[in-house]
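Chain identifiers are assigned alphabetically (A, B, ...) following the order of the sequence lines, protein sequences preceding nucleic acid strands; residue numbering begins at 1 within each chain. We use all heavy atoms of the structure for the numbers below, so side chains are in, but hydrogens, waters and symmetry mates are not.
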Number of protein chains: 2
Amino acid sequence: MSNPSHLLSLIDALRVLPGVGPKSAQRMAYHLLERDRDGALRLATSMTAAIEHIRHCDQCNTFTEEPLCELCASTRRDPALLCVVETPADQLRMEQTQSYGGLYYVLLGRLSPLDGIGPRELRLNRLIDRAANGVVTEVILATNFTAEGEATAHYVGELLRARGLRVSRIARGLPVGGELEYVDSGTLAQAFIERRPVSGS
Amino acid sequence: MSNPSHLLSLIDALRVLPGVGPKSAQRMAYHLLERDRDGALRLATSMTAAIEHIRHCDQCNTFTEEPLCELCASTRRDPALLCVVETPADQLRMEQTQSYGGLYYVLLGRLSPLDGIGPRELRLNRLIDRAANGVVTEVILATNFTAEGEATAHYVGELLRARGLRVSRIARGLPVGGELEYVDSGTLAQAFIERRPVSGS
């Protein structure tokens, strides 16, 4: 038996979703057709509307529906602090910690010479202009601790320090609640190297 | 920071997909917006087209784009055998085994008195009419081995036998390659009760 062709197209199209392989896609398609056709239509509509309306903030590159995102337009954030992240999802993660009150710059990528992504493709000059606006005093690099994220942080840090800006990097170390026995040795070694002085009690 | 409203709608809408909770939905939405906007538009289009074009076969209830599904319209299947399954997905699973050459009847559900689904809601009279067409000689009940699937098989079996039809139930037992040590005791007990005579070598 071959499936109806629209069913096959749907199963195939569902595979654009991250973590969805052929079997999950088939299960999703059958589920929607059998039990939630209205939900499927709402999903299709929401998806089209999101793709149409969601753009990048002119200042920080994150997702927004206005020229400036809500954060960049806010007067309650500290404009002297600028946190550099790789993606809008990373920015969201940072915001969810509710521990940062400054602004952001989203690179929309990372330096990756093997994929042909250099400083020009990342448009790092835009970041430099943004950071050197006379208001920003500290740039916090919050790219990933992967090889590419580290290289990006290093490169961006050099550029910014050449402009006289204070640059910092988020800390590496054991997770909160982490136990030495279960953490990987790279992280443990780094936590040892980056140990901090303890203030006397 | 609050997300743009179309982003929130998309995250919410993605939760119609089976197995997708709030975190996966967020990850999927960001992934699509960051990396595969074309794929997302294709998915929305395929989904709308599938919902619009895919209907149920007039004879067996499975998914089809024509009045009769490909199987019911085929001359290469044995019309004397009728296999009863709960859902189109179950029918697909059976077909994937490539071990059955007859036709199907898809109940689109199961008897479930607690949910108010009785013989009338399942339209079992349609199944009786289909099975008593004078061509079908054996009905194979392939509903699930859950309480509701078993009750459905029992009820449907009685109805069909009252019409003089031969009725069978797919076998229960250990899975192929299954080991006694690891199989649950219910299955093992049933496999013991339903033991089959071995032909002499």
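Annotation: maximal heavy-atom pairing with chain B below 4.5 Å, among A:T87, A:L108, A:I54, A:T64, occurs at A:I54. Chosen from A:R15, A:H53, A:R27, the residue pairing most often with chain B at heavy-atom distances under 4.5 Å is A:H53. Your options are A:M28, A:M47, A:E65, and the one with the most heavy-atom pairs under 4.5 Å with chain B is A:E65.
A donor-acceptor pair under 3.5 Å is absent between the side-chain atoms of A:D115 and the main chain of A:I117, judged by distance alone. Here the side chain of B:H6 pairs no donor or acceptor atom with the backbone of A:A50 at under 3.5 angstrom.
Side chains of A:T62 and A:Y104 form no contact here, defined as non-hydrogen atoms less than 4.5 Å apart. A:L107 is listed as a side-chain neighbour of A:V84, based on a closest heavy-atom distance under 4.5 Å. Under the 4.5 Å side-chain criterion, counting only non-hydrogen atoms from C-beta, A:N125 is not in contact with A:R120. Using a 4.5 Å heavy-atom cutoff, the side chains of B:L103 and B:P79 are in contact.
Remark: of the listed residues B:V167, B:V85, B:L82, B:V167 is the sole one forming a side chain to side chain contact (heavy atoms under 4.5 Å, CB included) with B:L141.
Of residues 144-156 of chain A, no residue lies under 4.5 Å from chain B by any heavy-atom pair. Taking 4.5 Å as the heavy-atom cut-off, the residues of residues 31-46 of chain B that approach chain A are B:H31, B:L32, B:L33, B:E34, B:D36, B:R37, B:G39, B:A40, B:L41, B:R42, B:L43, B:A44, B:S46, ordered by number.
When the shell of 6.0 Å around CD of A:E158 is examined, it contains more than 12 heavy atoms from other residues, nucleotides or ligands.
The line from CG of B:L71 to CD of B:E95 is 5.0 Å long, rounded to the nearest 0.5 Å. Atoms CD1 and CG, on B:I140 and B:L81 in that order, are 5.0 Å from each other to the nearest 0.5 Å. With rounding to the nearest 0.5 Å, the separation of CG in B:D129 from CZ in B:R126 is 9.0 Å. Separating the CZ atom in A:R130 from the CG atom in A:L124 is a distance of 15.0 Å, to the nearest 0.5 Å.
With a threshold of 4.5 angstrom between heavy atoms, A:E52 does not approach chain B through any atom at all. Contacts of B:Q96 with chain A are made by side-chain atoms alone, with heavy-atom separations under 4.5 Å and no backbone atom involved.
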